[in-house]
**Student:** 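Attaching a single structure in structure tokens format; questions to follow.
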Amino acid sequence: MMKCKKSIEISELTITFSRWGQTINAIDGLSINIFTGDWVMIVGHNGSGKSTLLKAISGRIKLDSGKLNLDGVGIEKLSSAQIAERVFLVHQDPLQGTSPTLSVFDNLFIADAAVKRTALSRSGLFDKYHDLLKPLGLSDRLKQLAKYLSGGERQLLALTIASLRPSQTILLDEPLAALDPSKAEICLSLIKTLNKEGKTVIQVTHDPNLAITEGTRTVALRKGQVIYEAVGSKRKVDALRKLWLQEIDV
Amino acid sequence: MLVPLDIGLVLGLILAWVVIALALAFRLLDFPDLTVEGSLSLGAAVFAVLIKNGSSMPTAITCAVLAGGVAGALTGFIHVRFRLNKFLSGIIVVAIAYSLSLRIMGASNIGLLQSPNIFDSVESLNNSVLKQIHLGSILLLAALLLIGFILILSGLSTRYGLGLRVAGSNPDYARSLGINVPLNIVFGLFITNCLAAFSGVLLSMNQGFTDISMGQGILILALAAMTIGERLLPEKAIPFHIFVLCAAIFGSVVYQVLVACAVHEGLAATDLKLVTAVLVLLVVAFKISRNGDFVEGDQ
């Protein structure tokens, strides 16, 4: 029932980059609808437009043409603060997802939308964040500066921050790329929890297996266009691999 | 030995404000702000003219501090609005502040010996204990600095202060949180340059005059003091913003005491900058030899 509501509507979206007289269509007439509670896995080779799409949804780049609506409102009508209330982007690089000179506690505190609504004291918040970080093995690092955490730990922190944001949609740009297998597993289970809690997740990945086995929907991009789209059990890893190899041959 | 200690402590506590201004901008806003050189003299100029024309001390100080703040905000505005390099934005405003200070003062120097001065209130204490030590002035400056320290620390610990620090340390992440990065940079530079202007006011009162050239060389001095403080204090022991503040104050005092000692021992004024450079290098070398390696993130 939840999936009836469109969280993100993209129609005929085009984004071009011009460098030294050469124009590249990073996104070329792309149309896609993402529903509330979806977990969309986006795959594609380098330069297929995956990250550009996430940047467009998070309001970081301007659209050349087409429509991009967040919760039914055109992104061009939304301020950066309003976009931040709707979507939250977690970068591939763990160093980009936190403030290095703030403690882990302060990183969570500044991102926690509930702080304004609830009257929790500092010690109450400390307990709350302690419990939140306990399954991730970071509960004893609350007072430490984020810059002293490892890359994997910072990515876990970034995902925890995502869970505290008011935004309904979480954009994940290859969140597991820089992580070792154990940290990647913890991150994946954190993403699953976020999705179960009702957050819409759009995750970019290079791994075709992951794109099929995880999430609720898989979308493959090539040259800024959708070339494959399947939902649930209809997703086939062989079909995706075939497309993958075709592109390499090209 | 007491004389250089006295001079170093008084000057160190006065100039700690401008070192704090530079350190906050540099370390927390990631903005190497050259404006402090201009806002210090602009603050001193506004204060001198107002106090000379009969304004009350609080009015003169407030206007001076705000004038410095406006200079900082202008640097921030130029940078965020016209996307001009941070250094160039600062240089432009320093040039503006210099001409403006000259125009405000109407001369290159204004004497303030007959004007009201906050150090008058501690004159009796200055003369009563040790004649070589201006104890009253040192205590007054330390008290002012303590109040400033507490206020700045409280501000940086609020949700808005945290937003300011996020905007400086990771602007892209700050945008993800809905923080208005340009506004925070402009506001942050306004505050830091208020502090630099206050340093100019204190310096004028201490010297008994305001000179158009009093800001010259302040940037190098503040950078040297900041580096010394950051190298000598243990960074990991305290939260980063407290470390930045403590290092600025500590570095300012240590630097001024060392320079005063060197001058007292007969160092020629012409060699002062050479000694400053050697001093900073010695501290940096000492820290590296103690750690055995370069410290990550040093600039």
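To find a chain, count down the sequence lines: A is the first, B the second, and so on, and within it residues start at 1.
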**Student:** Looking at F109(A), is its backbone amide N or carbonyl O close enough to the side chain of R159(B) to form a donor-acceptor pair, meaning the two atoms are under 3.5 Å apart?
**Tutor:**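 Checked: pair present.
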**Student:** Heavy-atom pairs under 4.5 Å with chain B are the metric here; pick the option from K143(A), E85(A), H91(A), Q82(A) that has the most.
**Tutor:**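 Top option by heavy-atom pairs under 4.5 Å: H91(A).
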**Student:** What residue in V87(A), L89(A), L102(A), N107(A) has the most heavy-atom pairs under 4.5 Å with chain B?
**Tutor:**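 It is L102(A).
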**Student:** With a 4.5 Å cut-off on side-chain heavy atoms, are K147(A) and F240(B) touching?
**Tutor:**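 Answer yes - side chains close enough.
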**Student:** Is the shortest side-chain heavy-atom distance between R122(A) and S157(B) below 4.5 Å?
**Tutor:**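 Sidechains of S157(B) and R122(A): no contact.
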**Student:** With no hydrogens and no angle check, is any side-chain donor or acceptor of R60(A) less than 3.5 Å from a backbone partner on D172(B)?
**Tutor:**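 Side chain of R60(A) to backbone of D172(B), a donor-acceptor pair under 3.5 Å: yes, one is there.
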**Student:** Looking only at non-hydrogen atoms, find the nearest pair between L177(B) and A84(A) and report the distance.
**Tutor:**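 Smallest heavy-atom distance, with atoms named: C-CB, 3.9 Å.
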**Student:** Let me confirm one number: the CZ-CD1 distance from R165(B) to I110(A), rounded to the nearest 0.5 Å.
**Tutor:**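 Atom-to-atom, R165(B):CZ and I110(A):CD1 are 9.0 Å apart.
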**Student:** With heavy-atom distances below 4.5 Å as the criterion, would you say the side chains of R27(B) and T101(A) are in contact?
**Tutor:**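 No, side chains not in contact.
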**Student:** Roughly how far, to the nearest 0.5 Å, is the CG atom of L145(A) from the CD1 atom of I238(B)?
**Tutor:**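 Between I238(B) CD1 and L145(A) CG, I get 10.5 Å after rounding to 0.5 Å.
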**Student:** Work out which heavy atom in P100(A) is nearest to a heavy atom in N170(B); give both atom names and the distance.
**Tutor:**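 Distance-wise, the nearest heavy atoms are CD-CB, 4.4 Å.
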**Student:** Can you tell if the side chain of V90(A) reaches within under 4.5 Å of the side chain of Y173(B), non-hydrogen atoms only?
**Tutor:**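 Result no, sub-4.5 Å side-chain heavy-atom pair not found.
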**Student:** With a 4.5 angstrom heavy-atom cut-off, which part of I83(A) approaches chain B: side chain, backbone, both or neither?
**Tutor:**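 Neither; nothing under 4.5 Å.
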**Student:** Answer yes or no: are there more than 12 heavy-atom neighbours, outside K55(A) itself, under 6.0 Å from its atom NZ?
**Tutor:**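 Check fails, neighbour count at 12 or below.
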**Student:** Could you have a look at T98(A), L95(A), I161(A) and say which one has the most heavy-atom pairs with chain B under 4.5 angstrom?
**Tutor:**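 Top option by heavy-atom pairs under 4.5 Å: T98(A).
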**Student:** If you measure from OG on S80(A) to CD1 on I179(B), what distance do you get to the nearest 0.5 Å?
**Tutor:**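 If we round to the nearest 0.5 Å, S80(A):OG and I179(B):CD1 are 11.5 Å apart.
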